[in-house]
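Everything numeric here is computed off the predicted structure, so don't read it as measured data. Each residue takes its place number in the sequence, starting with 1.
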Amino acid sequence: MQVSTIVEHIKYSEASNLSVVEALSNTNFLEVNEALNKLYVYINQALTELNKRFHLFIDSELINTVPEVNIYTLHNSNLIKVIEVYDQDGKSLKFPSLVNDNKYDIKEINYNTFMIPDPIVEGVTFVYLISMDRITSINDEVD
């Protein structure tokens, strides 16, 4: 679906009385352009929230671990949240279930950095949600 179709739905739906939508009917190019840029922000935010809830865009990254290093960072700039982590045998790694839980295989430091307490030489696969590409034009395609 193109962004232009989404904007048309917004113009003729419950949102039709919003000032942003009213500005789309304006003849002043700058006001229309500013209104569209505001709508792009709202559409991008809505798509991100839909993806968080329904897991629409999923990706994975293989990290090779070594015994000397126990902190690893994922490099995908579109990463939202890690869903699952698997070792090279396909076994799911356990995250701590409580704040002071000492029985875990991997611990999240922040959204893209993780600690593996006893790493060995193997590949660890991170499966995570990613955000879709940002909408910046009326002609952009929305997956």
Side-chain angles (χ1 to χ4, degrees), residues 1-67 69-99 101 103-143:
M1 176 185 297
Q2 278 197 320
V3 173
S4 59
T5 306
I6 295 172
V7 170
E8 286 300 311
H9 286 294
I10 292 170
K11 280 172 58 174
Y12 300 110
S13 69
E14 292 83 10
S16 62
N17 61 350
L18 296 176
S19 61
V20 172
V21 176
E22 289 174 6
L24 293 174
S25 304
N26 212 330
T27 56
N28 183 338
F29 174 76
L30 292 176
E31 287 183 24
V32 171
N33 196 36
E34 183 179 334
L36 282 174
N37 286 334
K38 288 179 181 177
L39 280 178
Y40 299 156
V41 170
Y42 293 132
I43 292 169
N44 285 324
Q45 187 176 16
L47 291 171
T48 299
E49 292 303 318
L50 282 170
N51 186 34
K52 285 180 188 175
R53 183 168 181 174
F54 297 110
H55 298 187
L56 302 175
F57 301 100
I58 297 175
D59 201 359
S60 64
E61 187 173 331
L62 177 66
I63 301 286
N64 292 315
T65 61
V66 292
V69 179
N70 65 348
I71 302 289
Y72 297 92
T73 301
L74 301 175
H75 300 289
N76 191 326
S77 61
N78 291 341
L79 181 132
I80 295 175
K81 178 184 177 185
V82 171
I83 302 170
E84 196 70 60
V85 182
Y86 299 98
D87 67 8
Q88 67 185 12
D89 298 325
K91 177 185 162 248
S92 180
L93 298 182
K94 182 183 176 209
F95 285 89
S97 55
L98 301 171
V99 174
D101 188 1
K103 297 179 182 178
Y104 60 87
D105 301 319
I106 188 167
K107 185 174 185 178
E108 184 175 18
I109 305 299
N110 65 33
Y111 82 102
N112 72 339
T113 305
F114 297 85
M115 181 181 74
I116 300 175
D118 300 314
I120 59 172
V121 177
E122 70 174 338
V124 176
T125 303
F126 290 81
V127 178
Y128 48 79
L129 293 176
I130 57 169
S131 60
M132 63 176 289
D133 293 334
R134 294 304 215 196
I135 292 171
T136 57
S137 165
I138 197 81
N139 298 318
D140 286 350
E141 190 71 26
V142 178
D143 292 337

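Other residues, nucleotides and ligands contribute at most 12 non-hydrogen atoms within 6.0 Å of the NZ atom of Lys107. Residue Tyr42 qualifies as open at atom OH: its count of foreign heavy atoms under 6.0 Å is 12 or below.
Residue Asn37 holds its CG atom at 12.0 Å from CD1 of Ile135, rounded to the nearest 0.5 Å. Taking OH of Tyr111 as the start and CG of Leu79 as the end, the distance is 6.5 Å to the nearest 0.5 Å. Remark: Arg134 CZ to Asn44 CG distance equals 4.5 Å, nearest 0.5 Å. Atom NZ of Lys52 sits about 10.0 Å away from atom OG of Ser131, to the nearest 0.5 Å.
Residues Leu93 and Val124 are in side-chain contact: their nearest non-hydrogen atoms beyond the backbone lie under 4.5 Å apart. Using a 4.5 Å heavy-atom threshold, the side chains of Val7 and Val3 count as touching. Contact of the Ile43 side chain with the Ile10 side chain is registered, since non-hydrogen atoms from C-beta on lie closer than 4.5 Å. Using a 4.5 Å cut-off on side-chain heavy atoms (C-beta onward), Pro67 and Val121 make contact. Ile63 has its side chain within reach of Glu61: a pair of non-hydrogen atoms, C-beta onward, lies under 4.5 Å apart. In this structure, the side chains of Leu56 and Met132 stay at 4.5 Å or more apart for every pair of heavy atoms. Between Glu49 and Phe54, every side-chain heavy-atom pair lies at or beyond the 4.5 Å cut-off.
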Should Tyr72 and Thr65 be marked as a side-chain contact (heavy atoms from CB on, under 4.5 Å) after you check the CA-CA gap, both sets of side-chain angles, and the distance that decides it?
CA-CA 8 Å; Tyr72 297 92; Thr65 61; 3.5 Å; yes
Decide yes or no on side-chain contact (heavy atoms from CB on, under 4.5 Å) for Tyr104 and Met115, but give the supporting numbers first.
CA-CA 10 Å; Tyr104 60 87; Met115 181 181 74; 3.2 Å; yes
Could you check Ile6 against Met1 for side-chain contact (heavy atoms from CB on, under 4.5 Å), going step by step and ending with a plain yes or no?
CA-CA 8 Å; Ile6 295 172; Met1 176 185 297; 3.4 Å; yes
Can you list the steps and then say if Asn78 with Asp133 is a side-chain contact (heavy atoms from CB on, under 4.5 Å)?
CA-CA 8 Å; Asn78 291 341; Asp133 293 334; 4.0 Å; yes
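Ring geometry, Phe95 versus Phe114: the interplanar angle exceeds 60°, so the pair is classed perpendicular (tilted spans 30 to 60°).
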Under 3.5 Å, side-chain donor or acceptor atoms of residues 82-89 against the rest of the protein: list the pairs with distances, not counting sequence neighbours.
| from | atom 1 | to | atom 2 | distance (Å) |
| --- | --- | --- | --- | --- |
| Glu84 | OE2 | Ser92 | OG | 2.2 |
| Asp87 | OD1 | Asp89 | N | 3.0 |
| Asp87 | OD1 | Gly90 | N | 3.1 |
| Asp87 | OD1 | Lys91 | N | 2.8 |

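Distance alone, capped at 3.5 Å, is enough to place a donor-acceptor pair between the Lys94 side chain and the Lys103 backbone. Looking only at distances, no side-chain donor or acceptor of His55 sits under 3.5 Å from a matching main-chain atom of Arg53. Between the side chain of Ser13 and the main chain of His9, a donor-acceptor pair closer than 3.5 Å is present.
The closest side-chain donor-acceptor pair between Asn110 and Thr113 falls under 3.5 angstrom.
Contact check on Lys38 versus Glu34 returns a salt bridge, with a Lys/Arg side-chain nitrogen under 4.0 Å from an Asp/Glu carboxylate oxygen.
Test Asn76, Ile80, Ile58 against Ile130 for side-chain contact (heavy atoms from CB on, under 4.5 Å) and you get one pass: Asn76.
Contact detail for Thr125 and Ser60: the closest heavy-atom pair is CG2-CB, 4.1 Å. A pairwise comparison of heavy atoms in Gly123 and Asn64 identifies CA-OD1, 3.9 Å as the closest pair.
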